[in-house]
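Small disclaimer: the values here were computed from a predicted structure and weren't measured. Chain letters run A, B, ... following the sequence lines, proteins first, then strands; residues in each count from 1. Because only heavy atoms are used, hydrogens play no part in the values below, and waters and symmetry mates are left out as well, while side chains stay in.
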There are 2 protein chains.
Amino acid sequence: MTDKMDRRQVRTQQLLRQALLELIESKGIDSITVTDIATHAQVNRGTFYLHYRDVADLLEQWKEEAFERIRARAVQLDLNEAIACALNDEPYPTSIRLLEEFLANGDFFRVMFGPRGDLSYMLRFKELMRSNMYNKITYILPEESEQLVPLDYLLTYLSSANIGILQHWIESGMKLSPREVSLIMMRILCLGPLAATGYKLGKIQLPRISTSAQRDG
Amino acid sequence: MTDKMDRRQVRTQQLLRQALLELIESKGIDSITVTDIATHAQVNRGTFYLHYRDVADLLEQWKEEAFERIRARAVQLDLNEAIACALNDEPYPTSIRLLEEFLANGDFFRVMFGPRGDLSYMLRFKELMRSNMYNKITYILPEESEQLVPLDYLLTYLSSANIGILQHWIESGMKLSPREVSLIMMRILCLGPLAATGYKLGKIQLPRISTSAQRDG
DNA sequence: GTATATAATGAACAAGTTGTTGATTAATCA
DNA sequence: TGATTAATCAACAACTTGTTCATTATATAC
C-alpha cells in the first residue's frame, strides 16, 4: 500500500489517520470537520483535499483496507474444522490467525467497535461471518424437520455471539492471547448451538418452532 | 410525554422526528443538517431551534425516551425464570412483554439498529442486558474452578447473542411474533451456555481456561 | 365565539466551514 | 545537483449555523 509512494505522502496520510482516530474517540465522527483534522494533524487544510474528498472518504478508505485484510483470513475459516477442534476442546488455528490480524490493527478496531464506533462496519463483519458459515452449515444440520430454530436465526446467533466476543476482547484491551480467545469461542459457541440445532449431545428432545405455533410442547 | 402540550408543538416534533428518521435512512446521520430536517419536514428552520439545540439533541431525546421504555421492561427480566422456561421449552413471558415494547417503536429501532444505525445506542442495550444478568448469574454458576469460560466473556456472549437475535428480528421486518422470538431465544441461548458453564447436561468434562494457559486438557 | 396566549414563520445577521484555485516554498528522488 | 512533486499559504464564493425580532397563524380558556 505505502510502497512506491513519496515519503511525504505516507507521512501526511499517517498524520491524517491518526488525527481522525483521536477525534472520533474524543467527539464522535458526526461533528468532525476537515478543519478539525487538518488542525489536529498539523497539516494544511488544502493538503487534506490533495488526498481525500472529505472526512467520510478518509475513513472509508481506511475501513476498506482493514476489512480486506480480515476478509482474506476469514474466508479460510471452515465450520467443520472448527467443530472438530471444539469437540477436542482445542482452539481453532485458523481463527487464531484471524484474531492476530485484528490485533495487528488493534488501535483502529478498538475505536471502530467502541462507543464512538460504526455500526454499519460492525454489521459488515457480521455479514462476512454469516455468509461464510452459510456455505458450510447445511452439511452439518439435521433434517429441516428436526431443527429447533429457523436457520437464519441460528446463523444470526452464531455470528452475533462471535462478533460480540471479538468486540469484548478488543474493547477490554486485548489482554488475552488470540489462542485463549479462540478457545473461549470454541467452548461457548460449539457446545451451545450444536445442542440447539438438535445435534446429538442432549437427551432432551424438543419440537421444532413453526412460525404460527401457539404451543406445541 | 405529549400530554399537556400544545397540539402545534406535538405536530412539529412529530414532523421533525419523522424527517430525521427518513434522512438517517437515506444518507446517514453524519451529513444531516438542521436545514435538511427543516426542509424535509416542511417546518421553518427557526422553529427547529425552538425545540432542539441541534441535530444531535433531537436524536438524543428520542433515543433516551425509547431506551427508558425498554429499560422499564428489561429490569423485570429474571435469569432464573428464563432458565426455568427454557428447560420446559416455553417462551419467557417477561421477555415477550419486552419484545412487544420494541415492536411498538419498530420504525425507530429498525433504523437505529440498521446499517445507518448507532453503535453506541446498541451497546447501551447490550450493557443493560449485561448488568441485568450479572446481578443474578452468580447464583446459577458452578464454582469458579469449574467454569470453562471467564465470566465477563460469558456475559458478553449471552448479551451479544440476545441483542443479535433481536436485531435480526427487527431488521427482517418483525414477521415473527414476540412469542416466537422469545422461544427461539430460550432454545438457542439456554441450551447453549448452560452447557458451556459446566452445568449438568453434557457428559463431557472440560477444564477451565486460565488466562495464561498454554494447554491444560 | 371571542380574547388572550403562544407557537410558527420569514427575513436578516455575523461567524464558521467547505471545496477550489493559483502562486510560493519545501522536501524527495534519481 | 537538478528536476519533480508534495505541502503551504491566502483568498474566494457558497453554504450552514445559531440567533434575533417583527409578523402571522393557531390553540386554549373563558
Side-chain angles (χ1 to χ4, degrees), chain A residues 1-65 111 116-118 120, chain B residues 1-65 111 116-118 120:
Chain A
M1 189 66 195
T2 58
D3 291 355
K4 199 59 188 168
M5 276 179 66
D6 193 304
R7 283 151 62 197
R8 289 167 293 182
Q9 291 194 50
V10 175
R11 188 186 114 92
T12 298
Q13 295 200 5
Q14 281 175 344
L15 288 173
L16 291 175
R17 284 187 170 187
Q18 186 59 32
L20 174 65
L21 209 57
E22 286 167 9
L23 285 169
I24 291 179
E25 204 164 11
S26 68
K27 58 186 249 183
I29 185 73
D30 298 355
S31 56
I32 296 177
T33 67
V34 172
T35 305
D36 278 338
I37 297 173
T39 304
H40 201 83
Q42 300 195 56
V43 160
N44 190 273
R45 189 169 64 86
T47 306
F48 180 97
Y49 290 105
L50 296 176
H51 292 269
Y52 304 103
R53 210 177 50 255
D54 51 27
V55 178
D57 185 39
L58 164 59
L59 181 57
E60 188 56 37
Q61 285 192 30
W62 199 355
K63 281 161 64 177
E64 199 56 40
E65 192 184 311
V111 172
R116 305 285 199 184
D118 184 325
S120 80
Chain B
M1 189 67 194
T2 57
D3 290 356
K4 199 59 188 167
M5 275 179 67
D6 193 302
R7 283 150 63 198
R8 290 167 294 183
Q9 291 195 51
V10 175
R11 188 186 113 92
T12 298
Q13 295 201 5
Q14 281 176 344
L15 288 172
L16 291 175
R17 284 187 170 187
Q18 186 58 34
L20 174 65
L21 209 57
E22 287 167 9
L23 285 169
I24 291 178
E25 204 164 12
S26 67
K27 59 185 248 183
I29 186 74
D30 299 355
S31 55
I32 296 177
T33 67
V34 173
T35 305
D36 278 338
I37 297 173
T39 304
H40 201 83
Q42 301 195 57
V43 159
N44 190 273
R45 189 171 63 87
T47 305
F48 179 98
Y49 291 105
L50 294 176
H51 293 270
Y52 304 103
R53 209 177 52 254
D54 52 26
V55 179
D57 185 39
L58 164 59
L59 181 57
E60 188 57 35
Q61 285 192 29
W62 199 354
K63 282 161 64 178
E64 199 55 39
E65 191 183 312
V111 171
R116 306 284 199 184
D118 184 325
S120 80

Student: To the nearest angstrom, how far is Asn44(B) atom CG from dT23(D) atom P?
Tutor: 16 Å
Student: Figure out the NE2/P separation between His51(A) and dG19(C), and round it to whole Å.
Tutor: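 Roughly 16 Å, once rounded to whole Å.
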Student: Let me know the distance between CG of Asp6(A) and C1' of dA30(C), rounded to the nearest Å.
Tutor: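 Taking CG of Asp6(A) and C1' of dA30(C), I get 13 Å after rounding.
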Student: Please check if any side-chain donor atom of Glu22(A) sits under 3.5 Å from a side-chain acceptor atom of Gln18(A), or the reverse.
Tutor: yes
Student: Out of Leu23(A), Ile32(A), Thr35(A), which one pairs with His40(A) under the side-chain contact (heavy atoms from CB on, under 4.5 Å) rule?
Tutor: Leu23(A)
Student: Taking Gln14(B) as the fixed residue, which of Val10(B), Thr12(B), Leu16(B) is the one that meets the side-chain contact (heavy atoms from CB on, under 4.5 Å) rule?
Tutor: Val10(B)
Student: CG/Asp118(A) to CG/Asp118(B) distance, rounded to the nearest 0.5 angstrom?
Tutor: 10.5 Å
Student: To the side chain of Thr35(A), which of dA7(D), dA8(C), dT18(C) is closest?
Tutor: dT18(C)
Student: Rounded to the nearest angstrom, tell me the gap between atom CE in Met5(B) and atom P in dT28(D).
Tutor: 11 Å
Student: Distances under 3.5 Å between protein N/O atoms and the N/O atoms of nucleotides 20-26 of chain C, please, pair by pair.
Tutor:
none

Student: Could you give the distance from CG (Asn44(B)) to OG1 (Thr39(B)), rounded to the nearest 0.5 Å?
Tutor: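 So the CG of Asn44(B) and the OG1 of Thr39(B) are separated by 10.0 Å.
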Student: Any base atoms under 4.0 Å from Thr33(B), or only sugar-phosphate, or nothing? Heavy atoms, all strands.
Tutor: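 Sugar-phosphate, no base atom in range.
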Student: To the nearest 0.5 Å, what is the distance between CG on Leu21(B) and CH2 on Trp62(B)?
Tutor: 4.5 Å
Student: When you measure from the side chain of Val34(B), which nucleotide among dG18(D), dG19(C), dA7(D) comes out closest?
Tutor: dG18(D)
Student: CG of Asp57(A) to NE2 of His51(A): how many Å apart, nearest 0.5 Å?
Tutor: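 Interatomic distance, Asp57(A) CG to His51(A) NE2, rounded to 0.5 Å: 12.0 Å.
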Student: Whole-Å distance between dG16(C) P and Ile37(A) CD1?
Tutor: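 Rounding to the nearest Å, CD1 of Ile37(A) and P of dG16(C) are 20 Å apart.
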Student: Report the secondary structure of DNA chain D in dot-bracket form, marking unpaired bases with a dot and bases paired to a different strand with |, and treating Watson-Crick or G-U pairs with both distances under 3.5 Å as paired.
Tutor: |||||||||||.|||||.||||||||||||
Student: Got a salt bridge between Glu65(A) and Arg17(A), using NZ or NE/NH1/NH2 to carboxylate O under 4.0 Å?
Tutor: yes
Student: Can you find a pair of side-chain heavy atoms, one from Arg11(A) and one from Arg7(A), that are under 4.5 Å apart?
Tutor: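 Of all side-chain heavy-atom pairs linking Arg7(A) with Arg11(A), none is under 4.5 Å.
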Student: Calculate the interatomic distance between Gln42(B) atom CD and dG10(C) atom P; express it in whole Å.
Tutor: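 Spelled out: CD on Gln42(B) to P on dG10(C) is 11 Å.
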Student: Figure out the CD/P separation between Gln9(B) and dT9(C), and round it to whole Å.
Tutor: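 Gln9(B) atom CD is separated from dT9(C) atom P by 12 Å.
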Student: Tell me the interatomic distance from Leu50(A), atom CG, to dT8(D), atom P, rounded to whole angstroms.
Tutor: 9 Å
Student: Specify the residue among Ile32(B) and Arg7(B) whose closest nucleotide of DNA chain D lies further upstream toward the 5′ end.
Tutor: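 That would be Ile32(B).
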